[in-house]
Protein chains: 2
Amino acid sequence: MRLTTKGRYAVTAMLDLALNGTDRPVSLADISGRQDISLSYLEQLFAKLRRNDLVTSVRGPGGGYRLSRAGDEIFVAQIIDAVNETLDATGCGGTADCQQGEVCLTHHLWCDLSDQIHNFLSGISLSDLVEKREVQSVSARQNARRHQSATLALTEI
Amino acid sequence: MRLTTKGRYAVTAMLDLALNGTDRPVSLADISGRQDISLSYLEQLFAKLRRNDLVTSVRGPGGGYRLSRAGDEIFVAQIIDAVNETLDATGCGGTADCQQGEVCLTHHLWCDLSDQIHNFLSGISLSDLVEKREVQSVSARQNARRHQSATLALTEI
DNA sequence: TTTATAGTTGACCAAAACAGTGGGTTATTG
DNA sequence: CAATAACCCACTGTTTTGGTCAACTATAAA
């Protein structure tokens with residue numbers, strides 16, 4: 001279990017999907033614009049999210065990504081695990097021969113710690129996040145700006 | 001809050017200190033031997049641990065490191081924070097202007113997440129870990145091997 | 001007082017991970 | 001057919017990780 005900006009990006013993007021993808025698929029370009037994440041980097045992240053069955057894709061115009069299931073069935077831990085792709089949380093790959101053929105001090109300790117953090121993050125779903133007041137207000141502002149620039153684009157024609 | 005092998009190393013080393021440093025200071029060479037962590041890398045980690053007042057040092061022969069206070073007053077979160085040295089968990093340094101001068105979706109979310117993980121790890125002390133059965137048995141085996149090689153060294157004279 | 005011990009500091013290094021770029025291709029819609 | 005947007009892949013620059021080496025200082029013991 002690693003916690004870096006990579007996982008943060010992935011969770012943000014998935015939360016964006018949960019917020020804006022209720023009726024239609026959401027393109028990575030949209031997410032890139034709203035969340036200020038590079039499009040190509042998003043592509044890499046979503047390739048992993050798709051391989052881990054967290055999202056489904058729709059190609060062609062009007063296409064994009066959808067959550068593969070309801071937001072209350074997708075948990076933060078799953079998202080982070082998907083993009084980090086490290087099944088190996090112990091450093092010795094579960095074989096427990098980390099140190100000269102024997103188990104190290106850290107082995108049990110970190111397994112335990114890792115398990116508990118994992119359990120903690122497994123208890124937070126996308127729906128839980130969507131329901132938070134702060135998230136809603138930020139999302140509202142992002143969409144307001146989006147409409148504003150859409151209007152701007154129209155008046156420019 | 002970052003969780004990597006670096007923090008794992010630090011926690012392991014501190015746990016070694018808690019287990020073996022009850023009567024006398026413990027040298028980094030000892031920890032290096034028992035926990036199979038490079039001596040020079042330990043030096044770097046302990047410089048940070050010392051700057052963060054988690055350990056005190058004793059120079060000269062018979063010297064080494066001690067916990068700066070009782071094991072039940074040192075928590076895993078403090079150790080990890082000390083070696084990672086990132087007060088900045090949000091990516092925007094608390095200024096909350098992560099995205100074009102405004103707060104991003106992740107800001108509140110990740111602050112919250114970070115806080116909760118932090119609280120969780122702040123609840124686990126070195127003493128808690130020392131009391132664990134698995135830790136005790138591994139430590140006992142490590143010390144047995146240590147005595148064995150000490151005996152071996154004696155017979156070699 | 002010398003000597004061995006052990007912390008302290010700093011420069012340096014290779015490999016990996018992170019974050020991003022660019023250039024294609026394939027499928028789908030209009 | 002053209003536009004869209006997913007998909008794929010090779011490549012790049014930066015940071016972090018984990019580690020090495022060398023020189024230096026404080027101190028306890030012989």
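Not measured: the values here are computed from a predicted model.
Phosphate proximity of dC7(D) to Ser57(A): present, with a side-chain N or O under 4.0 Å from OP1 or OP2. Contact between the side-chain N/O atoms of Arg50(A) and the OP1/OP2 oxygens of dC7(D) is found at a separation under 4.0 Å. Remark: Tyr9(A) is not in phosphate contact with dC18(C), judged by side-chain N or O atoms under 4.0 Å from OP1 or OP2. Neither OP1 nor OP2 of dC21(D) sits under 4.0 Å from any side-chain N or O of Ser40(B). Of the side-chain N and O atoms in Ser38(B), one or more sit less than 4.0 angstrom from OP1 or OP2 of dT20(D). Residue Tyr65(A) has a polar side-chain atom (N or O) positioned under 4.0 Å from OP1 or OP2 of dC7(D).
For the pair Ile31(B) CD1 and dA6(C) P, the computed distance is 12 Å after rounding to whole Å. Atoms CG (Leu49(B)) and P (dT8(C)) sit 11 Å apart, rounded to a whole Å. Leu17(B) has its CG atom 14 Å from the P atom of dA6(C), to the nearest Å. Rounded to whole Å, the distance from CZ on Phe46(A) to P on dG20(C) is 15 Å. Computed from coordinates, the Tyr41(A) OH to dA17(C) P distance equals 12 Å when rounded to whole Å. Regarding Arg8(A), its CZ atom lies at a distance of 12 Å from the C1' atom of dC18(C), rounded to whole Å. Whole-Å rounding puts the Leu39(A) CG to dA5(D) C1' distance at 9 Å. The interatomic distance linking Arg51(B) (CZ) with dT9(C) (C1') rounds to 10 Å, in whole Å.
Both Val58(B) and Val26(A) sit near DNA chain D, but only Val26(A) has its closest nucleotide nearer the 5' end. Comparing Glu43(A) and Gly63(A) against DNA chain D, the residue whose closest nucleotide sits nearer the 5' end is Gly63(A). Nearer to the 5' terminus of DNA chain C, by closest-nucleotide assignment, is the contact made by Leu28(B) (compared with the other of Gln44(A) and Leu28(B)). For the pair Lys6(A) and Pro61(A), nearest-nucleotide mapping onto DNA chain C gives the more 5' position to Lys6(A).
Just one of Gln78(A), Met14(A), Glu131(A) meets the side-chain contact (heavy atoms from CB on, under 4.5 Å) condition when paired with Leu126(A); it is Met14(A).
Between Ser125(A) and Asp128(A), the side chains place a donor N or O and an acceptor N or O closer than 3.5 Å (distance only, hydrogens not considered).
Within the 4.5 Å cutoff, side-chain heavy atoms of Val76(B) are placed close to those of Leu129(B).
Side-chain atoms of Arg59(B) lie closest to dG7(C) of the nucleotides dA5(D), dG7(C), dC18(C).
Among pairs with a residue in residues 12-41 of chain B, those fulfilling ring pair (Phe, Tyr, Trp, His ring centres under 6.0 Å) read Tyr9(B)-Tyr41(B), at least two apart in sequence or across chains. Sorted by first then second residue, the ring pair (Phe, Tyr, Trp, His ring centres under 6.0 Å) pairs that include residues 55-76 of chain B, not counting sequence neighbours, are Phe46(B)-Tyr65(B).
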